[in-house]
Amino acid sequence: MALRNHSTITEFILIGLSTDPHIEALLFSLFLVIYLLTMMGNLMMMLVIRAHSRLHTPMYFFLSNLSFLDLCFSSVTLPKLLEDLRSEKKTISVEGCLAQVFFVFLTAGTEACLLSVMAYDRYAAICHPLLYGQVMSNQRCVKLMLASWGLASLNAVVILLLAINMDFCEAQTIHHFTCELPALFPLSCSDISININILLSASLLHGLGTIIPIFLSYARIISTILGISSTTGRSKAFSTCSSHLIAVVLFFGSGFLCYLMPPSGSSLNVLISLQYSVVTPLMNPLIYSLKNKEVKAAVKKILGKFL
């Protein structure tokens, strides 16, 4: 990859979360625990779904892929953050920074598509239960998963091209703990107005293209649930959707705020990035395991074999 526009500098300096060694030591311990719990929680979710035949359904197929994405997503940023918290020289090469930009958009974009697909899956299960097996066949589930990766990859390539075509002349300090495209904008010595407009357009297109199907799916789901005469039936239908709705709010809420806010390098931007890149991958397996009776039963069964 030719980086002709980046020849004047070879690395960036990441400000990180603190410059106080004592606070950095505490943050290192905190984020190390979070990363280990994220890895364990998502790996456990994937293992449980794979090990139990009762969980070999479209909903759990997508949930297993969500856990895999959360593993990838957190691994894009957290290992580098942990390294920087224990290093005096918090630098990242230009190539490494661009790679981080690409993989953040790839994993986050795929997760956005997957959450939209999972909403459609819930719509098919609740609104068309008799046709569910036909609508959400194994072949279609795989195609939807591949389409999610494909669309996110296309979006990530566009974003990467924006970053590659930016000129960085003197400024090297990124006021963030990771390389995100909005954090790179203040460092550019070239006109970035087009880049900002393209990023905004791409974020809106990808974001709205995934959130609108979720909204439409749940509009139909709520309408169908309200038409169920049995209180038990309504409660059961709502319970199958509540975990997904929580995951959607956590992910899209912080994601939209991060990429639609003006790039400022403020503490608020950093906190929002921490929420969706660190906290959300940790919370997703907890949300789905604590609110899902089948997953809880499967986890207890596996733990029972080892205890």
Side-chain angles (χ1 to χ4, degrees), residues 62-63 65-77 97-123 140-166 176 178-185 192-219 244-264 269 272-281 283-284:
F62 294 129
L63 182 54
N65 279 278
L66 179 65
S67 293
F68 174 72
L69 276 169
D70 282 333
L71 281 177
C72 296
F73 194 15
S74 60
S75 296
V76 172
T77 55
C97 189
L98 293 177
Q100 206 170 53
V101 168
F102 175 79
F103 285 110
V104 163
F105 273 91
L106 175 62
T107 51
T110 306
E111 185 158 336
C113 292
L114 181 58
L115 288 170
S116 185
V117 168
M118 291 172 75
Y120 176 73
D121 171 70
R122 292 299 82 209
Y123 157 74
R140 179 164 294 180
C141 289
V142 172
K143 287 181 179 179
L144 287 170
M145 194 66 242
L146 292 176
S148 298
W149 279 98
L151 289 172
S153 298
L154 179 61
N155 186 60
V157 168
V158 170
I159 299 302
L160 180 62
L161 291 176
L162 290 181
I164 289 176
N165 288 318
M166 289 167 60
H176 212 291
T178 186
C179 284
E180 291 190 356
L181 192 56
L184 295 180
F185 285 154
I192 59 170
S193 57
I194 295 178
N195 300 63
I196 292 176
N197 289 332
I198 293 176
L199 174 64
L200 182 61
S201 300
S203 299
L204 280 173
L205 184 63
H206 194 78
L208 293 177
T210 50
I211 198 68
I212 288 176
I214 294 175
F215 176 79
L216 294 175
S217 295
Y218 274 101
H244 180 256
L245 278 174
I246 295 171
V248 167
V249 171
L250 285 174
F251 181 82
F252 281 96
S254 54
F256 270 119
L257 284 175
C258 182
Y259 285 95
L260 297 183
M261 285 174 61
S264 62
N269 287 103
I272 293 171
S273 294
L274 280 172
Q275 196 278 313
Y276 83 84
S277 63
V278 177
V279 178
T280 299
M283 293 301 295
N284 278 344

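Atoms considered below: every heavy atom in the structure, side chains included; atoms not considered: hydrogens, waters and symmetry mates. Computed from a predicted model, the values in this text were never measured in an experiment.
- To the nearest 0.5 Å, the span separating OH on Y120 from CG on L216 amounts to 12.5 Å.
- If you take CD1 on I196 and OG on S201, they are separated by 11.5 Å, rounding to the nearest 0.5 Å.
- Between H244 and L115, the shortest heavy-atom distance links the atoms NE2-O, 2.8 Å.
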Handout entry: Worked check of side chain to side chain contact (heavy atoms under 4.5 Å, CB included) between V157 and F102
Key = CA-CA 7 Å; V157 168; F102 175 79; 4.0 Å; yes
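- The aromatic rings of F68 and W149 are tilted relative to each other, their planes meeting at an angle between 30° and 60°.
- Across S74 and P281, no two heavy atoms sit closer than the pair CB-CB, 4.1 Å.
- Counting all heavy atoms, side chain and backbone alike, F73 lies closest to F251 at CE2-CE1, 4.1 Å.
- Summarising the geometry, atom CG belonging to L205 is positioned 11.0 Å from atom CG belonging to L200; distances are rounded to the nearest 0.5 Å.
- V279 is not listed as a side-chain neighbour of L274, based on a closest heavy-atom distance of 4.5 Å or more.
- Side chains of S148 and N65 form no contact here, defined as non-hydrogen atoms less than 4.5 Å apart.
- Between S153 and L106 there is a side-chain heavy-atom pair separated by less than 4.5 Å.
- Panel note: side chain T280, backbone Q275; a donor-acceptor pair is recorded below 3.5 Å.
- Residues F105 and V101 are in side-chain contact: their nearest non-hydrogen atoms beyond the backbone lie under 4.5 Å apart.
- When atom types are taken as modelled, the side chain of H206 and the backbone of G109 share a donor-acceptor pair closer than 3.5 angstrom.
- Using a distance-only test at 3.5 Å, with no hydrogens or angles considered, no donor-acceptor pair links the side chain of D121 to the main chain of V117.
- The shortest side-chain heavy-atom distance between F252 and T210 falls under the 4.5 Å cut-off.
- Here CG of L199 is found 9.5 Å from CG of L204. Values are rounded to the nearest 0.5 Å.
- A donor-acceptor pair is defined here as one N or O able to donate and one able to accept, closer than 3.5 Å; no such pair exists between the side chain of Q100 and the backbone of E180.
- Going from atom CG of L69 over to atom OG1 of T110 covers 5.5 Å, rounded to the nearest 0.5 Å.
- Within the 4.5 Å cutoff, no side-chain heavy atoms of V248 are placed close to those of Y218.
- The side-chain heavy atoms of V104 and T77, taken from C-beta on, include a pair separated by under 4.5 Å.
- How far CD1 of I164 is from CD1 of I159: 12.0 Å, rounded to the nearest 0.5 Å.
- Taking a 6.0 Å sphere around CD1 of I194, one finds it holds 12 or fewer heavy atoms contributed by other residues, nucleotides or ligands.
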